[in-house]
Number of protein chains: 2
Amino acid sequence: MNSPVLPQPTPTAATGAGRGAGSRLLAARCTASDLLRWAGLASWIGPDSDAVTFALRRVAAHSTLVAEGQPLHSLFAVASGSFKCVQVDREGYEQVLGFGLHGDMLGLDALGEQRHPSSLVALEDSAVAVLPASQLLEAGHHVESLERLLLHAIGVELLHRGDTQYLMSAPGSEVRVARFLLHLAQRQQALGQSTRRLRLRMTRRDIASHLGVAHETVSRALTALAHAGCIAVSQRDIEIVDAAALTAMQRVTRGLPRGRHVDDERMRRPVQRAAA
Amino acid sequence: MNSPVLPQPTPTAATGAGRGAGSRLLAARCTASDLLRWAGLASWIGPDSDAVTFALRRVAAHSTLVAEGQPLHSLFAVASGSFKCVQVDREGYEQVLGFGLHGDMLGLDALGEQRHPSSLVALEDSAVAVLPASQLLEAGHHVESLERLLLHAIGVELLHRGDTQYLMSAPGSEVRVARFLLHLAQRQQALGQSTRRLRLRMTRRDIASHLGVAHETVSRALTALAHAGCIAVSQRDIEIVDAAALTAMQRVTRGLPRGRHVDDERMRRPVQRAAA
DNA sequence: CGAATCTTTGAACTGAGTCAATTAAAGTGG
DNA sequence: CCACTTTAATTGACTCAGTTCAAAGATTCG
């Protein structure tokens, strides 16, 4: 059926001592060292990093890890799989605030009011490390690497939010999608995965919500970018064919303060647009 | 360099007398108690809250407190005045990520890479408390209220970013502006200031950038809202005449303005079991 | 296999961006 | 203090990109 675990492209010598092939997720707990490794901060691992362990929890695809409004009990770190962070308003409109990939910390926005302002939903079968809020500060005082991890995660989260605002500030849909793809590729790169091949775990609707456009527009933008030769699209598998062109496209923003469009019809309009 | 004479010799602390808000007299330093008071967290003030003090620093209108890319030296708390947080991309387009009001913590997004991803620019003559990053953690371990303050500020910042994404997700410009005004009013309320009268410290351009629209559109939306009787506009002074109408307007999101399928389509089944 | 969801494509309508011109305010300097 | 220069704000006209409505493929899942 569903593949339980994706094989690691980068054979980082498993956590600890690899108990059985690919069975790391079956372990009941993980250490701060694991968290650091997932976040790409292996260099911060110190002798104290194994002093604390955290429970692992499986989350089935499409199930809700935390629901909006729920009081803060713990933070989470993505051990495997992926999540979306959403808010739904009274009208039922779903706003996707972001996506959590391997190693990302989830639930940080609950630190303000001690309750979760957004829901966390698994996009696929996933697993998270559970970091009890009460235990965190206490442990952080004794395990320095853990405290640094937390602070780092906070900064990264804020960085992503900034990126998202930048995403949404783009006036053109193709630009937004291009930025989104590049942003995703960049994050995958940080995880040591391919920069060219992207496997989108979220629906077009989720992407659309995240980008602030209609889902049809995402489709159209994707096909337009493909038609322009920037990418190749096959369902949720996307290959970045011409990263340079994509980047160039991503740079087009709203009305430059001054100066003219030096950029011109580089495949300005693939649409057949009322040719009549 | 250091200002030769400080007008008001309110020596150290002055926390007992000062509510911080009133005059713009500036003590050379402030305490954690002050920070908590500014943030509306006076209830957290404990005996240890005066154990640490922080330098105050004046920032002239339009001057840059921190420039994009600058390494992280300290965080800041707004003692008086206001700031905008901006990123400018290679084309020179300025993206406003947010505004910092009295009591807000500034520079948190630098915690990720130990470098400021965005600039902080004073919108008017302002002052900030300087919280050296190195000193912060250390002090936090001993002064509990300070640590809680930091965590709270982080959560609040994340909350604001979420609000901003919600802002920008609105398809209509009037909706965005309405949400922006209500958001601002809400923050002012948290500071104990008027909910009806808003004095915008930022230009229309800044607002436009923050909302992801053209600055002309902000003007138009403002006059439209005024024409609808929701608000009254006089330059940068805005009075919220009909908060209910504004709120109603703010709720209009994409796709369900009129008519048909309002309910059935969104079959919400929010909670599914997460754990195995 | 069929039901439901996801995805793509089409066509028409409209709201917001761009360009442009005018007015208002604020900062500069003699 | 008052010309003068700059920057901010408002308003109008026109065009187009993206939303909306609609419907047909594709994919997943029970």
Side-chain angles (χ1 to χ4, degrees), chain A residues 1-3 60-62 93-94 123-125 168-177 200-209 211-227 233-238 252-261 265 268-276, chain B residues 60-62 93-94 123-124 168-177 200-209 211-227 233-238 252-262 264-267 269:
Chain A
M1 291 271 220
N2 38 32
S3 53
H62 308 125
Y93 183 71
E94 207 178 62
L123 296 174
E124 56 189 320
D125 287 328
M168 296 180 75
S169 76
S173 60
E174 287 163 32
V175 177
R176 295 194 189 196
V177 173
L200 304 181
R201 263 86 180 201
M202 63 294 289
T203 69
R204 299 286 135 99
R205 248 194 171 86
D206 287 335
I207 298 173
S209 168
L211 265 42
V213 299
H215 70 276
E216 296 97 325
T217 304
V218 174
S219 262
R220 280 188 251 266
L222 242 20
T223 50
L225 289 174
H227 200 264
V233 183
S234 167
Q235 293 306 131
R236 296 196 181 175
D237 288 303
I238 291 189
V252 180
T253 53
R254 188 190 320 285
L256 300 295
R258 54 190 60 224
R260 295 236 88 63
H261 292 87
E265 50 284 76
R268 194 53 251 184
R269 193 220 330 267
V271 261
Q272 45 284 29
R273 164 113 186 69
Chain B
H62 307 124
Y93 181 72
E94 208 178 61
L123 296 174
E124 56 189 319
M168 296 180 75
S169 76
S173 59
E174 288 163 31
V175 176
R176 295 194 189 196
V177 172
L200 303 181
R201 263 85 179 202
M202 63 294 289
T203 69
R204 299 285 135 101
R205 255 196 164 81
D206 287 336
I207 298 174
S209 168
L211 265 43
V213 299
H215 71 275
E216 297 98 326
T217 303
V218 174
S219 264
R220 279 188 254 266
L222 244 19
T223 51
L225 289 174
H227 198 264
V233 183
S234 167
Q235 293 303 131
R236 296 195 182 178
D237 289 302
I238 291 190
V252 180
T253 52
R254 187 193 320 285
L256 340 126
R258 64 189 64 240
R260 302 210 38 238
H261 51 318
V262 173
D264 199 298
E265 170 176 302
R266 8 211 124 268
M267 80 173 248
R269 204 184 337 56

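No hydrogens, no waters, no symmetry mates; every other heavy atom, side chains included, goes into these values. The sequence lines fix the lettering, A, B, ..., with proteins before strands; numbering per chain opens at 1. These numbers come from a predicted model, not from an experiment.
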Mapping B:H62 and B:T217 to their closest nucleotides on DNA chain C, which lands nearer the 5' end? B:T217

Using only atom types and a distance under 3.5 Å, with no angle test, would you say the side chain of A:T223 pairs donor to acceptor with the backbone of A:S219? yes

For the side chain of B:R236, counting heavy atoms from C-beta on, which of C:dT8, D:dA9, C:dG17 is nearest? D:dA9

Check: A:L123 and A:D206 side chains under 4.5 Å, non-hydrogen atoms: yes

Gap between atoms CZ and P, on A:R205 and C:dA4 respectively (whole Å): 16 Å

To the nearest angstrom, how far is B:I238 atom CD1 from D:dA9 atom C1'? 12 Å

Please check the phosphate of D:dT7 (OP1 and OP2 only) for any side-chain N or O of B:T203 closer than 4.0 Å. no

So, does the side chain of B:R220 form a donor-acceptor pair with the base of C:dG15 at under 3.5 Å? no

Quick one: the side chain of B:E216 and the base of C:dC19, do they pair up donor-acceptor inside 3.5 Å? yes

Can you figure out which of C:dT7, D:dT10, D:dT19 approaches the side chain of A:A214 most closely? D:dT19

Starting at the 5' end of DNA chain C and moving along, which residue's nearest nucleotide shows up first, B:E174 or A:H215? A:H215

Return the value, rounded to whole Å, for the distance between atom CZ of B:R204 and atom P of D:dT11. 10 Å

Is the side chain of B:S209 donor-acceptor paired with the backbone N or O of B:E94 at a distance under 3.5 Å, no angle test? yes

Can a donor-acceptor pair be found, under 3.5 Å and without considering hydrogens, that links the side chain of A:D125 to the backbone of A:A61? yes

Donor-acceptor pair, side chain of B:R204 and main chain of B:H215, under 3.5 angstrom: no

Between D:dA8 and B:Q235, is there an OP1 or OP2 to side-chain N/O distance shorter than 4.0 Å? no

Check the distance between C:dT8's C1' and A:L225's CG and give it to me in whole angstrom. 15 Å

Among D:dA26, C:dG17, C:dT8, which nucleotide sits nearest the side chain of B:V213? C:dG17

Value in whole Å for how far the P atom of C:dT7 lies from CG of A:L222: 10 Å

B:L200 CG to D:dA8 P, straight-line distance once rounded to whole Å: 15 Å

Report the residues that fulfil side-chain hydrogen bond (donor to acceptor under 3.5 Å, both in side chains) with A:D237, sequence neighbours left out, ordered by chain and then residue number. none

Would you mind classifying the nucleic acid contact of B:S173 as base, sugar-phosphate or nothing, using non-hydrogen atoms under 4.0 angstrom? sugar-phosphate

Mind checking side-chain hydrogen bond (donor to acceptor under 3.5 Å, both in side chains) for B:E124 and listing every partner two or more places apart, or none if nothing turns up? B:S82, B:R201

Atom CZ of A:R201 to atom C1' of C:dC6: distance rounded to whole Å? 18 Å

Within this structure, what is the CD1-to-P distance between B:I207 and D:dT10, rounded to whole angstrom? 9 Å

Gap separating the CG atom of A:L222 from the NE2 atom of A:H227, nearest 0.5 angstrom: 14.0 Å

Bend angle of the helix from C:dT7-D:dA24 to C:dG30-D:dC1, from helix axes over five pairs at each end, nearest 10°: 50°

